[in-house]
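The structure under discussion appears below in the form of structure tokens.
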Amino acid sequence: MLFSQLLIPTLKESPAEAEVISHKLLMRAGFIRKLTSGVYSYLPLGLMALRKIERIVREEMNAAGAQEVLLPMVQPADLWAESGRLKKYGPELLRFRDRHDRESCLGPTHEEVITDLVRNNIHSYRGLPVNLYQIQTKFRDEIRPRFGLMRGREFIMKDAYSFDASSDAADRSYEAMKYAYHRIFTRCGLRFRAVEADTGTIGGNFSHEFMVLAETGEDTIVICRSCSYAANLEKAACAAPAPASDEMQPAAKVETPGKRKVEAVCEFLGIEPSRLLKTLIYRADGQPVAVLVRGDHEVQPVKLKNALKASEVELATDEECFAATGTPTGYLGPLGLKIPVIADQAVLGMRNFVTGGGEKNFHLTNVNLGRDFTPGQVADLRMVTPGDRCPLCGGELELTRGIEVGHIFKLGIAYSEALNARFLDAEGEMRPFIMGCYGIGVSRVLAAAIEQNHDQDGIVFPLPLAPFKVIVVNLGFADEAVGQAARSLYQALRESGIETLLDDRDERPGSKFKDADLLGIPFRVTVGKRFASGGLVEIRERASGKITELALAEAVERLARLTATD
RNA sequence: CGGGGCGUAGCGCAGCCUGGUUAGCGCGCCUGCCUUGGGAGCAGGAGGCCGCGAGUUCGAAUCUCGCCGCCCCGACCA
């Protein structure tokens with residue numbers, strides 16, 4: 001296509017509202033424009049890049065045996081009432097009334113619709129398994145949309161839903177999707193990790209998030225330097241410590257006037273924070289619980305919640321702590337508590353440690369687990385920190401940032417039960433479908449790809465996602481022979497099936513080079529004075545800046561090789 | 001929803017505090033000349049409900065109040 005005929009409104013400066021690099025570059029390169037908060041128009045180049053992602057997603061979903069459908073965006077509120085989510089989903093679900101005063105909503109996700117479709121059309125185990133997917137615009141009325149395409153209110157998502165007759169079959173569907181996702185993100189040319197994730201309110205044991213690795217990511221993930229272990233920080237486990245072997249010393253009470261914070265107590269007593277035991281009071285579904293962690297560790301609330309099998313945990317206020325223990329915060333200790341006590345597993349590795357004294361201005365030294373107190377439960381409760389040991393191989397754990405671009409869940413029967421979606425099994429029994437759901441934020445993949453692949457000059461697209469593989473820069477406005485050569489090269493590339501953009505604008509070379517860099521097209525071919533003098537053109541690789549000069553006649557073949565994928 | 005900030009030409013901004021000619025600057029855009037291997041130069045030009053509405057004032061982009069929109073931090077998040 002011709003640059004002069006495409007709508008590519010590039011900008012020299014970033015709009016003030018753009019904060020993150022992908023947003024800035026998507027705006028500057030003329031890929032998107034904002035209509036209103038969290039809602040964007042895709043211009044030709046933006047759409048082309050999006051189509052690249054969609055195509056890879058389609059091919060891999062189809063290869064995995066899924067079938068494409070297209071579900072309605074406008075959905076009746078009744079259906080959401082039936083699943084119970086009309087109340088539960090909250091204001092993120094955009095609701096409105098149609099002319100007949102029927103309550104409706106815009107689909108933020110499609111579990112209800114797909115379950116309704118399947119319950120009405122599949123009645124026998126013979127119709128299973130089935131996996132249906134769509135690529136469609138979703139609307140979620142986010143509290144705070146931000147970062148351009150990263151967290152919009154309207155966004156494009158691929159969502160797939162599997163229906164199986166047995167738990168084993170559902171596991172196979174899940175694994176097939178996990179494999180397909182690995183292929184999708186690999187083919188997109190992205191560096192990513194599949195991490196174990198918390199299942200949130202949906203429940204179940206299976207959930208993986210696919211994270212594109214980028215320093216600017218919103219989520220912290222934990223990866224092992226030595227093996228493939230990777231997990232969301234909310235879920236990340238760490239290896240249990242070696243049990244303590246020091247001699248137990250006699251416990252003693254010491255006065256620590258006004259020393260409430262870990263730091264202050266340690267300084268006062270001249271010990272490391274790792275020798276102190278913190279006692280924190282949480283409210284778990286309304287009931288107080290004492291949580292014990294080492295002084296230099298932090299509680300991970302989601303791990304605590306899971307360990308307690310609670311549906312909600314929250315740090316108690318100072319008043320609540322006092323009410324539950326009779327001790328002011330700062331001097332809480334595990335001895336003599338009347339509420340349940342749960343300890344982080346790292347506490348097992350502690351000997352002769354310091355705890356709160358259970359009364360104002362006192363601490364206890366040389367306290368020992370087993371001798372002085374025994375927690376009702378021990379579990380892995382703390383936030384992983386860099387340098388912790390991998391639970392699988394013992395290697396060193398590393399914290400890094402990622403952008404969630406995919407999430408796969410084993411749903412089980414939550415939706416099929418709520419919506420009474422059942423099939424007749426081989427024994428003639430009615431059973432609920434066992435479901436899984438699998439999302440990919442297609443528009444977010446575009447943003448994530450740019451967060452991961454850019455430099456000072458602009459986007460550096462991975463080859464498979466680039467809107468064009470080659471841009472031919474025609475510098476022949478003073479020399480018709482050069483212009484003619486550029487046009488014929490462009491034609492020849494197109495005829496070889498290489499997606500090519502011809503910069504035919506009557507601009508100065510500098511502007512053309514700047515724009516070519518900004519757009520992130522992987523290969524730039526310049527036809528200019530080097531051609532006029534010696535018949536040579538120049539191929540420049542966007543990512544490396546590597547320049548190759550060669551005869552015009554050889555360019556097509558060379559580029560065909562350079563741009564070959566799959 | 002709480003806290004903070006911003007709305008002036010397509011984009012980036014100044015002017016506002018201390019009210020007073022015709023509201024400026026850079027980039028972009030249009031015309032002409034010139035130039036053509038990393039965002040050239042010269043000359044001319046178009047483009048503004050100064051977010052909206054009230055108020056104060058002889059007079060409001062500027063002061064006051066209300067509203068709307070946008071951005072950032074937080075809470076929240078399949």
Side-chain angles (χ1 to χ4, degrees), chain A residues 7 9-20 23-24 27-28 30 33-39 83 85 88-93 107-112 138-148 150-153 155 157 159-161 197-204 207-209 218-219 232 234 302 312 314 404-411 414-415 435-441 444 456-458 473-479 482-483 486 503 505-518 524-533 536-538 540 545 547 549:
Chain A
L7 177 62
T10 59
L11 304 170
K12 283 191 183 176
E13 293 174 284
S14 300
E17 67 191 30
E19 185 78 2
V20 299
H23 189 190
K24 288 179 182 173
M27 291 291 295
R28 284 192 55 207
R33 284 294 182 265
K34 185 177 69 178
L35 180 61
T36 183
S37 180
V39 178
S83 73
R85 287 211 293 183
K88 243 170 60 185
Y89 214 92
E92 213 171 279
L93 181 66
T109 175
H110 284 71
E111 282 83 6
E112 281 79 2
K138 297 273 192 278
F139 191 92
R140 294 181 189 175
D141 202 355
E142 290 276 346
I143 291 176
R144 185 149 85 86
R146 60 185 125 175
F147 304 149
M150 291 277 257
R151 185 176 286 271
R153 292 193 294 167
F155 58 99
M157 185 171 180
D159 47 327
Y161 305 89
D198 186 65
T199 48
T201 47
I202 285 182
S207 178
H208 284 86
E209 288 174 346
E218 282 191 272
D219 299 307
N232 189 308
E234 291 177 348
V302 173
E312 199 182 355
E314 200 178 352
E404 180 188 350
V405 290
H407 201 160
I408 59 178
F409 288 95
K410 186 176 169 190
L411 289 176
Y415 290 93
M435 295 172 57
C437 74
Y438 317 94
I440 291 179
R444 188 184 273 185
Q456 288 180 338
D457 297 313
V473 177
N474 174 13
L475 298 184
F477 282 83
D479 183 340
V482 172
D503 191 347
R505 298 173 302 166
D506 185 6
E507 292 286 339
R508 298 168 57 82
S511 300
K512 294 189 169 193
F513 292 148
K514 288 289 184 190
D515 274 344
D517 286 349
L518 181 59
R524 184 185 82 195
V525 189
T526 306
V527 185
K529 67 183 181 195
R530 218 83 14 109
F531 177 77
S533 59
L536 295 178
V537 300
E538 170 197 295
R540 181 173 181 273
I547 287 173
E549 288 195 342

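If you're wondering where the values come from, they're calculated on a predicted model, not measured in any experiment. Chain naming here is simple, since letters A, B, ... match the order of the sequence lines and numbering starts at 1 in each.
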What pairs with A/S14 under side chain to side chain donor-acceptor pair (under 3.5 Å), at least two apart in sequence or on another chain? none

Could you work out, with salt bridge (charged side-chain N to carboxylate O under 4.0 Å, His left out) as the rule, every residue matching A/R508, not counting sequence neighbours? none

ring-ring contact (aromatic ring centres under 6.0 Å, His included) filter on A/H110, not counting sequence neighbours, yields none

Between the protein and nucleotides 69-71 of chain B, are there any N/O to N/O pairs under 3.5 Å, and if so, what are the atom names and distances?
{"residue": "B/C70", "atom": "OP1", "partner": "A/T36", "partner atom": "OG1", "Å": "2.7"}
{"residue": "B/C70", "atom": "OP1", "partner": "A/S37", "partner atom": "N", "Å": "3.0"}
{"residue": "B/C70", "atom": "O3'", "partner": "A/K34", "partner atom": "NZ", "Å": "2.9"}
{"residue": "B/C71", "atom": "OP2", "partner": "A/S37", "partner atom": "OG", "Å": "3.1"}

Hey, which of these two, A/R151 or A/S14, hits RNA chain B nearer its 5' end, going by closest nucleotide? A/S14

Residue set satisfying side chain to side chain donor-acceptor pair (under 3.5 Å) with A/E17, at least two apart, ordered chain then number -> A/K34

Round to the nearest Å and state the distance from A/E142 atom CD to B/A75 atom C1'. 14 Å

How would nucleotides 34-45 of chain B be written as a contact map, 5' to 3', with B for base contact, S for sugar-phosphate-only contact and - for no contact, using protein heavy atoms under 4.0 Å? -BBBBBB-----

According to ring-ring contact (aromatic ring centres under 6.0 Å, His included), who are the partners of A/F513, at least two apart in sequence or on a separate chain? none

A/L93 CG to B/C76 C1': how many Å, rounded? 16 Å

Taking side chain to side chain donor-acceptor pair (under 3.5 Å) as the test, write out the residues that go with A/D159, two or more places apart. A/Q134, A/K138, A/Y161

Please write out each protein N/O paired with an N/O of nucleotides 47-50 of chain B under 3.5 Å, distance rounded to 0.1 Å.
none

With the threshold set at 4.0 Å, does a side-chain nitrogen-carboxylate oxygen contact exist between A/D515 and A/R505? yes

Among residues at least two apart in sequence or on other chains, which ones pass salt bridge (charged side-chain N to carboxylate O under 4.0 Å, His left out) with A/E209? none

Could you pull out all residues at least two apart from A/E19 that satisfy salt bridge (charged side-chain N to carboxylate O under 4.0 Å, His left out)? none

Under the rule for salt bridge (charged side-chain N to carboxylate O under 4.0 Å, His left out), what residues qualify as partners of A/R151, not counting sequence neighbours? A/E142, A/E218

